[in-house]
Amino acid sequence: MAKHEDHKQNIETWWQTSIIDMAPGKIEFYGNPIQKLIGELSFAQMIWLMLRGDIPNKAQANLLEAALVAGVDHGPQAPSIAAARMAATCGIGLNNVMATGINMLGDVHGGAGEQCASLYYQIAELIDEGLAFNDAVTKGIDEWRATHGKIISGFGHRFHKPNDPRAPRILELVRKAADEKTVSGRFADIAEAIQHQLTNATGKPIALNIDGSSAIIFCELGFAPPLSRGLFCLSRAVGVLAHGWEQMQQGGRNKGPMPPAYFPTYQPKSKLPT
């Protein structure tokens, strides 16, 4: 009998979650019945509720939504979008097309926001420990480069030189939210200080890009660094869906990353870069 009870208990506790309480005729998220959320919460508020367990106010939700809108798409030259469009010509379903694009969002493309958020939090911690603001920024940059190399995630853009058009608008919204006491504004200060130091060091303007600017919002709102990547994936999924669907309507079969008239340049193995 005891063994039977133990087995029953293991089955009953197979999954444990505080996110949803679901039973026949009942769906509640952190105690909020779904029927009271439908038509009342924005999608940004619902994302916040699912990740944090509470409902943000309108100002917080608007700031989160701004970051989500900013990262939706960057055209077919972005690997995530290009991969989705190629996948769409291979005869797979739209969900597979979306998965293909989203799976391209790694450390180099799409993951820089997580890395940048970690840097922002690291610098903020140095300031909280008593280090002067500019010294904390310098130390944060130096420690980052000692571990990750010279490229600072969230800064610089191979296409938008010298400015990523999304960043100034995001900064404007963060500054406004700080004036209204929705957020502190400290991570906007940190980001601008990093940008200033990088520009002075290189002697040319270094853009604050979408990863660095959206990470400001995620940090200001208190999201953990890994969620910067997850939230960016949610955002970019919209662009992946749109481009995948458009490609399906346009047709095309088995399209690769370059037109058929172009072939890879052959190089003997001995001459390939190491």
Task: side-chain contact (heavy atoms from CB on, under 4.5 Å) evaluation trace for Tyr121 with Cys219 - done: CA-CA 8 Å; Tyr121 279 129; Cys219 289; 3.6 Å; yes
Open item on the list: Would you say Leu49 ends up clustered with Leu63 if hydrophobic residues are merged whenever their side chains have heavy atoms under 4.5 Å apart, either directly or through other cluster members?
Closed with: no
Open item on the list: Less than 4.5 Å apart, side chain to side chain, heavy atoms only: is that true for Phe29 and Met46?
Closed with: yes
Please list every donor-acceptor pair under 3.5 Å in which a side-chain atom of residues 231-239 meets a protein atom from a residue at least two apart or in another chain.
residue : atom : partner : partner atom : Å
Ser235  : OG   : Leu68   : O            : 2.4
Ser235  : OG   : Gly71   : O            : 3.4
Ser235  : OG   : Val72   : N            : 3.1
Arg236  : NE   : Gly71   : O            : 3.0
Arg236  : NE   : Val72   : O            : 3.2
Arg236  : NH1  : Ser80   : OG           : 3.2
Arg236  : NH2  : Gly71   : O            : 3.4

Task: Spatial distance of atom CZ (Arg175) from atom CG (Leu171) [nearest 0.5 Å] - done: 6.5 Å
TODO: Let me know which of Leu208, Ile217, Asp164 forms a side chain to side chain contact (heavy atoms under 4.5 Å, CB included) with Ile170.
DONE: Ile217
- [ ] Decide yes or no for Leu37 and Ile55: does some side-chain heavy atom of the first lie under 4.5 Å from some side-chain heavy atom of the second?
- [x] yes
TODO: Dump the intermediate steps for side-chain contact (heavy atoms from CB on, under 4.5 Å) on Gln60 and Val183, then the final yes or no.
DONE: CA-CA 8 Å; Gln60 292 170 321; Val183 295; over 6 Å; no
Task: Inter-residue atom distance Arg52.CZ - Phe223.CZ, 0.5 Å rounding - done: 4.5 Å
Open item on the list: Quick check: is Met22 connected to Ile38 through a chain of hydrophobic side chains (ILVMFWY, heavy atoms under 4.5 Å apart)?
Closed with: yes
TODO: For the pair Gln247 (side chain) and Thr89 (backbone), establish whether a donor and an acceptor sit closer than 3.5 Å, ignoring hydrogens and angles.
DONE: no
Task: For the student: nearest non-hydrogen atoms of Gln45 and Ala61, plus distance - done: CG-CB, 3.4 Å
Task: same_hphob_cluster(Ile127, Ile216) at 4.5 Å side-chain heavy-atom cutoff - done: yes
Task: Carboxylate-amine/guanidinium proximity below 4.0 Å for Lys58 and Glu65 - done: no
TODO: Measure from the side-chain N and O atoms of Arg85 to the backbone N and O of Gly244, and report whether any donor-acceptor pair falls under 3.5 Å.
DONE: no
- [ ] Determine, for Glu172 against Arg169, whether the closest basic-nitrogen to carboxylate-oxygen distance falls under 4.0 angstrom.
- [x] yes
TODO: Taking all heavy atoms of Ala215 and all of Cys116, pick out the closest pair and write down the distance.
DONE: CB-CB, 4.2 Å
Task: CD1-CD distance between Ile123 and Glu143, expressed to the nearest 0.5 angstrom - done: 9.5 Å
Open item on the list: Please check: side-chain N/O of Thr202 versus main-chain N/O of Leu198, any donor-acceptor pairing under 3.5 Å?
Closed with: yes
Open item on the list: Could you tell me if the side chain of Ser153 sits less than 4.5 Å from the side chain of His148, heavy atoms only?
Closed with: no
TODO: Using a strict cut-off of less than 4.0 Å between a Lys/Arg side-chain nitrogen and an Asp/Glu carboxylate oxygen, indicate whether Glu180 and Lys176 qualify as a salt bridge.
DONE: yes
Open item on the list: Any side-chain to backbone donor/acceptor pair from Gln115 onto Asp107? Under 3.5 Å, distance only.
Closed with: yes
Open item on the list: Evaluate Gln195 against Asn200 for side-chain contact (heavy atoms from CB on, under 4.5 Å), listing each step before the verdict.
Closed with: CA-CA 9 Å; Gln195 184 182 23; Asn200 284 346; over 6 Å; no
Open item on the list: How close do Leu126 and Gly140 get, counting heavy atoms only, and between which atoms?
Closed with: CD1-N, 4.1 Å
Open item on the list: Connecting only ILVMFWY residues whose side-chain heavy atoms lie within less than 4.5 Å of each other, what is the rest of Met248's hydrophobic cluster?
Closed with: Ile81, Ile92, Leu94, Val97, Met98, Val240, Leu241, Trp245
Open item on the list: Is there a side-chain contact between Thr17 and Ile20 in this structure, where contact means two heavy atoms from C-beta onward sitting under 4.5 Å apart?
Closed with: yes
Task: Asp211 with Arg229: basic N within carboxylate O range, under 4.0 Å - done: no
- [ ] Taking the six-membered ring for Trp and the full ring for Phe, Tyr or His, determine whether the centres of Phe43 and Trp48 are under 6.0 Å apart.
- [x] no
TODO: Looking only at non-hydrogen atoms, find the nearest pair between Met86 and Pro257 and report the distance.
DONE: SD-N, 3.3 Å
Open item on the list: Check for me, please, whether Leu64 and Leu51 land in the same ILVMFWY cluster - side-chain distances under 4.5 Å, paths through other members count.
Closed with: yes
TODO: Sorted by first residue and then second, give each side chain to side chain donor-acceptor pair (under 3.5 Å) pair with at least one member in residues 252-263; sequence neighbours left out.
DONE: none
Task: Co-membership, hydrophobic cluster, residues Phe133 and Ile141, 4.5 Å side-chain - done: yes
Task: Modelled atom types, side-chain donor and acceptor of Thr138 and Gln197, under 3.5 Å - done: yes
TODO: Test the Arg186-Tyr120 pair against the cation-pi criterion, namely NZ or CZ under 6.0 angstrom from the six-membered ring centroid and within 45° of the ring axis.
DONE: no
TODO: Determine, using ring centers only, whether Phe187 and Phe218 are less than 6.0 Å apart.
DONE: no
Task: Taking every non-hydrogen atom, the tightest pair across Ile27 and Gln35 - done: O-OE1, 4.4 Å
TODO: Return yes when atom CD1 of Ile151 has more than 12 non-hydrogen atoms of other residues, nucleotides or ligands closer than 6.0 Å, and no otherwise.
DONE: no
- [ ] Compare every heavy atom of Glu28 with every heavy atom of Pro33, then report the nearest pair and how far apart it is.
- [x] CA-CG, 3.8 Å
Open item on the list: I want to check something: taking the side chain as every heavy atom from C-beta on, are Ile194 and Ile206 in contact at a cut-off of under 4.5 Å?
Closed with: no
Open item on the list: Quick one: does any side-chain atom of Tyr30 pair with a main-chain N or O of Met50 as donor and acceptor, under 3.5 Å?
Closed with: yes
Task: Side-chain (Gln249) to main-chain (Glu246) donor-acceptor, under 3.5 angstrom - done: no
Task: Heavy-atom side-chain contact between Thr199 and Lys204 under 4.5 Å - done: no
